[in-house]
Every structure is written in structure tokens, then in C-alpha cells.
Amino acid sequence: MKYIDEFRNPKIAHKLVDEITRKVSREWTMMEICGGQTHTLVRYGFEEMLPKQINLVHGPGCPVCVTPLEVVDKAIEIASMPDVIFVSYGDMLRVPGSQKDLFHVKADGGDVRVVYTPMEAVKLAKANPEKKVVFFGIGFETTAPPHAMAVLAAKREGLKNFYLLASHVLVPPAIRTLLDAPNNCVQAFIAPGHVCTVVGFDQYESLAKKYKVPIVVAGFEPLDLLEAIHMLVMQLEEGRCEVQNQYARSVTRYGNLPAQRAVEEVFEVCDRKWRGIGEIPLSGMRIREEFAAFDAERVFGLEDRTVEESKECIAAQVLMGLKKPLDCPAFGTRCKPEMPLGAPMVSPEGACSAYYQYKRHLAPSALPVDTHVGTD
């Protein structure tokens, strides 16, 4: 299959591993930002394949995982209202709020529906003028354009019953926060290819220069990631700190300008809390004042709240690359996909979910293989 098989070629993979092994001379810790990249790394056994000097840690690049608990609670509160159709991507339904999740709201009679695109929610609002249709819009720079276009479409259609509960975050401020942390151990980054298809990679260059850290924009197939690791190793060993674009088949320096213009029209940059990490300055996007009529937080008058996270869940340390899922005492026992303590076990892009699917037999509390509920 074009654009897939050629990026899963075992001979080329072994050749790249051999080249990395020959080049590496000391221990290096590198982080992939995106949860989709995490799943590829874990699924294809990169940790076992690569030399021991390469320490791969997993970053905060899962949109479901970093959506604040307070926002999930707000979603649950809106979805529980009688005249509301609450619309979401499917993976948000099982994310635990402080008391329950959206599946429980649906089970209790709430009108909670799953869609694949935000435009489906706009069509739903048009077809149900007597209802308030609220779309739960989360994610990184990647999902912001379709969410912005949904708001623009609703305005164009003159809809008075479509609302967006927005919780968008930006990758570069998160990288900056990780690098500023006193316990940071990350020496190089694999940047998320899909985010860069929208925003390009020029904004990463100031990070590489300021923090003297190599960054390689990469895709999501095994050879994409092996090539990115090889490029990072070459930079680290040669003392270079540059931004390189491994994902050139999809990413350009300045990204998708029409998509950026749509985002700029609807959203503005703001401070944003990340689940498990806390507030990161200028790391989020909120709906502009001129589109306030579509802003669910303003229209429904939801108050800001502070909710305490589970003390047992170590998701924050996993998202910051300080620990790995198998370090968690609750992994595979008190925390499983069907009863998660934290979002990384729920989300298809979560690091804990990846380890549960492909590496849980390595956990100290490993379960029998016949109880497996993953998709591999």
C-alpha cells in the first residue's frame, strides 16, 4: 500500500537501527510529543530494538489526556441538561470526570452523541432548532481548524443553537515548560508531524536555538520514527541543535496558511491549564469575543472550578517524561481501560493505553494474556 508499506520495510528498519547503534556513544533521552507516535514506538518494540543508550520517554501530546478535569466536569454538567444534545468525539466519553463520565450521563438519559467531524454537529443543530447542540472541541493545533470552520459555518447559516465547548492547547509552550522544569531530563524532541502540517515548523526553531535542543519533525510510521531518532542521534553526537523535517512529504516550514487564518479568525491565544501539568502561559486558545454567542462556557454561564486529581494516578509524571506507565503501581490492576484512574489509560493515544495493549506482560503485576482487552 503506497505511503504505508514503504514506511514499514523491515530491512530498512534494521539498517537504521544498525546505523544508530554504530553512531551512539553515550546515553541520550529523547521525547516523542505525540501519542500516536508513542503507540507506534511501543507497538513495534522500539525500546527493545534500539541500543540501551537510547531512552525514549513519552510526552504530553495526547489531546484527551491533557484536557483539564474541570473542563470534563463542565462537559458533563452541560450534557446533563434536559434541552441539550451534547456531541463529542468518541474517545472523550470514557474520560473520567471528578464524579462520572459522559457515558454515565448517556446511561442516565442524557442526549450524548458521537460524531467524527464537528460539521456533523452543525448539521445536527440545523436539524434540531428546538435543542441546544453543544460540540466538545478539544485538541492541539491539529483540530482547531475544523472546529473554527464549524463555528464559521454556524455563523454563516445563522444558527442560534450551536455552541462549542473549546479546550485547545498549543505544543511549543508545553515543550518550553518541560525544558524549564528543574527535573527535566529530555535532551531531544520528536515533534508531532500532524501539528506541523497545520502550523509548520518555523516556530520550533527558536526553541531549538534558545534551549540548545535538537528537534526533528516526524511522521507516524515505524520508519518515520526510526529515521527521526537517527537524525536526533546524529545531531546529539555532533553537538548540533537544529530543527529538521523528516516528515517532508506532509510538512512545510510555514504550514497550512488557510487553516491558520480560520483559527486566527475564531480563536485567540490564552493561558491554559493542562491536566496533570497545571497552567502553562499562552498555551491555549479560547473563542474570541465576537464569536461569544457560540461559546458554550459563556452561554451556559459555567463557573470556574478547581477539582482535585486522583492521588493514585501518576499521569502527570508520565506526560512530562519523568516516569513510564509500567512505573505506576496501579497499572493493569486498579487502572485498566475499562476502569481508568486517568485519561492516558482511556485515550487511544494515551501512553498508558499503549503500554496496556502491547507491553502489559512486562508489568510487575502482569495479568494473564487471556484477559487482554486491547486491540492488538
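Start at 1 with the first residue, then count along the sequence. All values derive from a computational prediction rather than experimental measurement.
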Practice item. Output, in order, the C-alpha distance, side-chain angles, deciding distance and verdict of side-chain contact (heavy atoms from CB on, under 4.5 Å) for I33 and I175. Key: CA-CA 9 Å; I33 297 294; I175 293 180; 3.9 Å; yes
Practice item. Would you confirm whether Q235, through its side chain, and E242, through its main-chain N or O, come within 3.5 Å as a donor-acceptor pair? Key: yes
Check your understanding: Can you check whether E264's main-chain N or O pairs, donor with acceptor, with E268's side chain at less than 3.5 Å?
Key -> no
Review point. Has the side chain of R288 got a donor or acceptor atom that lies under 3.5 Å from a matching backbone atom of F267?
Key: yes
Review point. Between OG1 of T252 and CZ of F201, what distance do you get to the nearest 0.5 Å?
Key: 7.5 Å
Review point. Going by the angle between their ring planes, with limits at 30° and 60°, are F331 and Y355 parallel, tilted or perpendicular?
Key: perpendicular
Point to revise | Ring-face cation contact, F7 with R249, 6.0 Å cut, 45° max | key: yes
Check your understanding: Are any of the side-chain heavy atoms of L56 and I229 separated by less than 4.5 Å?
Key -> yes
Exercise for review: May I ask you to check whether over 12 heavy atoms, not counting those of K123, lie within 6.0 Å of atom NZ?
Suggested key: no
Revision key, fill the gap. On a heavy-atom basis, the closest approach of G219 and Q37 is O-NE2, 3.4 Å
Practice item. I would like to know whether L319 and W274 meet side-chain contact (heavy atoms from CB on, under 4.5 Å); could you show each step before the answer? Key: CA-CA 10 Å; L319 294 174; W274 295 51; over 6 Å; no
Check your understanding: So do the side chains of T67 and V95 get within less than 4.5 Å of each other, counting heavy atoms only?
Key -> no
Point to revise | Cation-pi, W28 ring and R26 (6.0 angstrom, 45 degrees) | key: yes
Revision key, fill the gap. Scanning both residues in full, the closest heavy-atom pair of M31 with P60 reads SD-CD, 4.2 Å
Review point. Please, which pairs that meet side chain to side chain donor-acceptor pair (under 3.5 Å) have at least one residue in residues 144-164, sequence neighbours excluded?
Key: Y89-H147, K126-E157, H147-H168
Exercise for review: State, without any angle test, whether K15 and N9 hold a side-chain donor-acceptor pair at a distance under 3.5 Å.
Suggested key: no
Exercise for review: Could you tell me whether the side chain of S347 and the main chain of C65 form a donor-acceptor pair under 3.5 Å?
Suggested key: no
Exercise for review: Side-chain contact test, heavy atoms from C-beta onward, threshold under 4.5 Å: evaluate it for Q244 versus E227 and give yes or no.
Suggested key: no
Revision key, fill the gap. OG1 (T40) and CZ (F220) are apart, to the nearest 0.5 Å, by 8.0 Å
**Study point:** Check: D327 side chain, K324 main-chain N or O, donor-acceptor pair, under 3.5 Å
**Key:** yes
Review point. Is there a donor-acceptor contact under 3.5 Å from the side chain of K323 to the main chain of Q317?
Key: no
Practice item. Before giving the answer on salt bridge (charged side-chain N to carboxylate O under 4.0 Å, His left out), spell out for K132 and D83 the whole-Å C-alpha distance, their side-chain angles and the decisive distance to 0.1 Å. Key: CA-CA 6 Å; K132 297 173 181 173; D83 58 345; 3.6 Å; yes
Point to revise | N/O donor-acceptor pair under 3.5 Å between H39 side chain and P348 backbone | key: yes
**Study point:** N128 side chain to L124 backbone, donor-acceptor under 3.5 Å
**Key:** yes
Practice item. Can you run down the salt bridge (Lys or Arg N to Asp or Glu O under 4.0 Å) pairs that involve residues 187-201, sequence neighbours left out, and say none if there aren't any? Key: none
**Study point:** Trace of the side-chain contact (heavy atoms from CB on, under 4.5 Å) decision for V213 with F189
**Key:** CA-CA 8 Å; V213 58; F189 286 92; 3.8 Å; yes
Point to revise | Nearest non-hydrogen partners of A351 and V318, listed with the distance | key: CB-CG1, 4.0 Å
Practice item. State, without any angle test, whether E349 and T38 hold a side-chain donor-acceptor pair at a distance under 3.5 Å. Key: no
Point to revise | L282 backbone acceptor or donor facing D271 side chain under 3.5 Å | key: yes
Point to revise | Salt-bridge criterion met for E47 and K359 (N-O under 4.0 Å) | key: yes
Exercise for review: For S98, enumerate each residue passing the side chain to side chain donor-acceptor pair (under 3.5 Å) test, keeping only those at least two apart in sequence or located in another chain.
Suggested key: D73
Practice item. Please report the C-alpha distance between K74 and E297 in whole Å, then the side-chain angles of each, then the deciding distance to 0.1 Å, and finally whether the side-chain contact (heavy atoms from CB on, under 4.5 Å) criterion is met. Key: CA-CA 8 Å; K74 288 180 180 179; E297 286 205 74; 2.5 Å; yes
Practice item. Assess the side chains of E141 and Q260: does a donor N or O sit below 3.5 Å from an acceptor N or O? Key: no
Review point. Just how far is it from atom CD1 of I277 to atom NZ of K273, taken to the nearest 0.5 Å?
Key: 11.5 Å
Point to revise | Residues D224 and Q246: side-chain donor-acceptor under 3.5 angstrom | key: yes
Review point. Side chains of D295 and L164: does their closest heavy-atom pair fall under 4.5 Å?
Key: no
Exercise for review: Working to the nearest 0.5 Å, report the span between CD of E32 and CZ of F46.
Suggested key: 10.0 Å
Practice item. Flag this pair as yes if the NZ/CZ of R360 is under 6.0 angstrom from the six-membered ring centre of Y356 and inside a 45 degree cone about the axis; otherwise no. Key: yes
Check your understanding: Does atom CD of E27 have more than 12 heavy-atom neighbours from other groups under 6.0 Å away?
Key -> no
Practice item. Would you check, one step at a time, whether the test salt bridge (charged side-chain N to carboxylate O under 4.0 Å, His left out) holds for R113 with D111? Key: CA-CA 6 Å; R113 307 187 190 185; D111 195 345; 2.8 Å; yes
**Study point:** Over 12 foreign heavy atoms within 6.0 Å of CD, Q99
**Key:** no
Review point. So, R272 side chain and M285 main chain: donor-acceptor pair closer than 3.5 Å or not?
Key: yes
Check your understanding: Rounded to the nearest 0.5 Å, how far apart are OG of S167 and CD1 of I138?
Key -> 7.0 Å
**Study point:** Verdict with reasoning, E289 to R298, per salt bridge (charged side-chain N to carboxylate O under 4.0 Å, His left out)
**Key:** CA-CA 10 Å; E289 179 66 31; R298 300 189 214 199; 2.6 Å; yes
